[in-house]
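Because the structure is a prediction, the values reported are computed rather than measured. A, B, ... follow the sequence lines: proteins, then strands. Residue 1 opens every chain.
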Amino acid sequence: MTVSETTQCYHCGDAVPSAAYEADGHPFCCLGCQSVYRILSNSNLKQYYRYNQHPGKRKGDASARYEYLDEASLADKLIDFRNDKITVVTFYIPSIHCSSCIWLLEHLYKLHPAISVSQSDFLKKQVNITFKHAELTLRGLVELLVDIGYEPKITLQDVIKEGRRFSQKGLVAKIATAGFCFGNSMMLSFPEYFGMGAFEAHYSEFFGWMNLGFSLPVVFYCGRDYFRSAWHSLRRRELNLDVPLALGIAVLFARTAVEVWSGSGPGFADTLCGLVFFLLVGRWIQQRTYHHLSFERDYRSYFPVAVTRLGGEGPKPIPLADIRVGDRLLIRNNEIIPADAILLKGHAAIDFSFVTGESTPVQRVLGEIIYAGGRQTGEAIELEVVKAVSQSYLTRLWNNETVKPHERNFRTFSNTVSRYFTVVLLAIAFSAMTYWFLANDAVRAWGAFTAVLIIACPCALALSSPFTLSAAMSVFDKNRFYIKNTAAIEQLATLDCLVFDKTGTISSPSASRMRFEGKLSPYEWSMIVGVCKNSTHPLSRELVKWAGETMSGCLAVEEYRETAGKGIEALVDGHRIRVGNARFTGAWEKGNGSRVYLSINDEVKGNLLVEQPWRKNLKEVLTELASGRQLHLISGDNDKEKAELSRVFPPQADLLFNKLPTDKMEYIQSLQARGHRVCMFGDGLNDAGALKQATLGIAVSDDINNFSPGCDAILDGRSFVKLPRFFRFAKDAVKVIHMSFGISLTYNLVGLGFAITGTMSPLVAAVLMPLSTVTIIGFTTIATHLYATKNQLVKKQ
Amino acid sequence: MSVIFFLIGCSVFIALIFLAAFFWANKSGQHEDTYTPSIRMLFDDEVEDDGKTQG
């Protein structure tokens with residue numbers, strides 16, 4: 001540890017290759033980190049470094065441009081509030097990760113006097129800033145945040161606003177009201193259960209009316225969603241679980257009202273309040289979502305907010321929606337091409353890594369069409385738009401708002417059961433009523449009918465799915481597998497066909513392996529690495545990462561020149577170094593794979609072959625997944641790795657290459673047409689259509705805060721090895737649901753024994769209902785945990 | 001024993017006050033971020049400065 005400590009960057013903790021950057025005796029890895037430190041120390045904010053060691057994150061080399069924030073029409077979309085003095089804005093900042101971040105973001109007022117308040121929300125990774133816009137513009141504020149290493153993520157599909165749309169506040173208020181009524185009515189019911197003397201009888205009437213009063217808000221405010229849902233389901237000629245629940249609530253209330261009114265009994269107000277309270281808690285558990293992840297992203301969250309249009313009055317930032325066919329756009333280094341366009345000027349080297357997962361830039365010549373979604377690397381280019389943003393080739397794929405066909409077909413287990421449950425329940429209730437009518441006991445007939453509906457109200461049944469699945473969800477979550485909702489877990493258990501994308505999905509883009517062919521001395525290596533360090537080209541960065549691990553010291557680089565699409569060259573210690581393609585370095589083109597050629601003083605020294613770095617234990621993972629499931633591969637790349645992949649995949653698997661994004665979607669459709677429940681694993685925009693079409697779309701991502709296309713679940717690349725265990729655990733979770741259904745049905749049967757005789761006392765209901773609920777909650781929690789342990793998804797304590 | 005009516009009235013009234021307080025807390029967003037405040041309170045006030053002491 002002592003060795004690494006001395007060479008770690010004071011700001012970000014990365015290894016410091018040489019003492020090139022230094023301030024106040026602290027070493028820094030790059031100019032970016034050093035300048036952040038300078039800004040903070042000048043503003044007396046050095047405390048930032050006291051709460052955590054190396055709290056910063058290395059600044060990306062891509063610096064976005066924020067001129068568009070000066071456009072009032074665009075800025076208005078981003079801000080929360082504005083009056084004549086102040087503006088309030090909320091930013092989503094992905095790099096928030098420690099307490100130092102919170103501290104710094106809440107002390108922004110020290111950096112700029114115009115900022116009056118800034119408050120951060122750690123879990124949502126958001127910061128809310130109030131500032132005086134006369135002294136600081138929105139653009140100035142964003143640039144200030146970028147300067148200190150906290151770049152806000154600004155997209156059109158705003159994660160913040162989306163998160164706000166969905167609020168549980170209403171549900172929480174209902175739970176509070178139901179809990180309040182539950183507690184009070186239980187207190188008022190106790191005297192009745194313990195038995196009251198004859199001299200206290202006049203109290204029972206008072207308690208009855210109080211209880212009826214408490215059940216009013218519970219039925220008409222807290223429970224109204226159940227009536228609404230039951231009504232909708234009946235109109236669609238379906239019977240979901242809300243039908244017997246609503247029936248139970250209604251009957252409980254009717255019988256309580258009648259008994260209190262007529263003075264014939266205490267009623268079931270406490271059971272009613274408790275039922276609604278527990279049901280709402282279950283619903284709340286089920287609706288838990290991730291604050292910082294969005295599963296509904298479309299192209300808007302990926303594309304920039306604005307682009308530069310070249311017009312009569314010079315370059316001007318315009319919102320994406322205003323792009324018209326025929327517009328001339330200026331795309332600078334590291335900017336994304338927002339619409340299909342023809343290249344008019346400049347060298348285009350487009351990095352389609354977000355689209356295909358392939359990070360090697362693609363060259364385009366003048367007059368060629370460039371599809372939207374690529375990122376320009378190198379010099380600025382000019383384009384003429386040929387299709388509007390929403391009509392572009394890739395955006396069209398997931399722009400159409402077609403509902404997933406299977407989502408309507410998919411029945412969760414509780415929905416399937418509830419159809420039969422309701423029918424059986426009504427049959428029992430009516431036959432009990434008929435029996436007592438025939439026995440000429442109308443009072444008992446009414447009693448038995450209502451008691452059956454009350455006691456068999458599937459409260460525990462309704463809670464077993466939410467509690468099991470949300471427990472399972474948090475197990476997945478701890479293993480870096482983020483699932484959109486609880487229904488997706490049930491779907492996960494039913495899948496029988498898995499389709500994988502190649503690049504970025506079963507290969508990891510971050511851990512490229514390189515193989516060197518040739519001979520170089522360590523000194524020559526350090527020269528090459530020194531040159532490559534100056535380049536932002538993905539291959540150069542990979543080379544530095546691959547070779548740089550063993551490097552120490554940095555050599556001075558002169559006359560550095562980067563020729564887009566060809567290579568880089570520079571003078572190091574008087575030696576001319578060239579790194580690039582075969583023609584650029586004067587080497588013979590070697591066959592397969594992407595290669596980087598190296599030459600020193602015009603003498604070719606060898607080449608580096610970039611190998612596809614497969615994910616860890618890929619073969620074992622696939623072999624395990626293949627039992628009971630079909631596996632297929634569909635890739636947009638060429639088939640040069642087919643031989644290697646056919647050894648990894650099972651023999652009966654389809655290995656498809658050179659597929660267009662629409663082909664992928666149609667392939668999934670054809671599998672579904674054959675009756676398969678298909679899971680698609682993808683990562684890029686080109687998988688978006690397939691992910692959406694698949695029964696379950698899983699986006700594989702190495703940085704979950706980065707872009708991922710719309711999907712049902714996001715899998716962190718590091719957890720790829722756990723996939724077989726995830727599938728097993730999902731099946732186990734469904735098993736737990738089945739078992740808890742069994743338990744709650746047993747409770748219902750016991751209760752029915754009391755109910756059909758027509759002599760059920762309110763005490764039986766008041767004991768049975770909470771008892772079954774607590775049993776179910778306890779059972780599901782413990783059983784899910786046990787299965788998670790069995791599948792090695794939780795650490796043993 | 002009529003005092004029991006009064007006592008129940010009191011207890012429900014007090015419970016209603018707490019319910020109202022919860023509603024207020026819910027509405028004013030106190031349950032939205034339950035994590036950051038726990039860290040915020042651990043931050044020291046100004047400690048080291050360039051010579052000056054600050055309140």
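The heavy-atom pair separating A:A176 from B:F23 by the smallest distance is CB-CE1, 4.5 Å. Closest non-hydrogen pair, A:S120 versus B:R40, comes out as O-NH2, 3.3 Å.
Heavy atoms of other residues, nucleotides or ligands lying less than 6.0 angstrom from CD of A:E205 number 12 at most.
Chosen from A:L188, A:V172, A:N184, the residue pairing most often with chain B at heavy-atom distances under 4.5 Å is A:V172. Counting heavy-atom pairs under 4.5 Å between each of B:T34, B:I8, B:L42 and chain A puts B:I8 at the top.
Considering only residues two or more places apart in sequence or on other chains, A:W209 meets the ring-ring contact (aromatic ring centres under 6.0 Å, His included) condition with A:W261. With sequence neighbours excluded, the residues forming a ring-ring contact (aromatic ring centres under 6.0 Å, His included) with A:F206 are B:F5, listed by chain and number. Every residue meeting the side-chain hydrogen bond (donor to acceptor under 3.5 Å, both in side chains) condition with A:Y49, not counting sequence neighbours, appears here in chain and number order: A:H11.
Identified by a heavy-atom distance below 4.5 Å to chain A, the contributing residues of residues 15-22 of chain B are B:A15, B:L16, B:L19, B:F22, in residue-number order.
In this structure, chain B has heavy atoms under 4.5 Å from both the backbone and the side chain of A:D121.
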For this session: Go through the steps for A:W103 and B:I39 under the test side chain to side chain contact (heavy atoms under 4.5 Å, CB included), then give the verdict.
Result: CA-CA 9 Å; A:W103 183 84; B:I39 292 184; over 6 Å; no
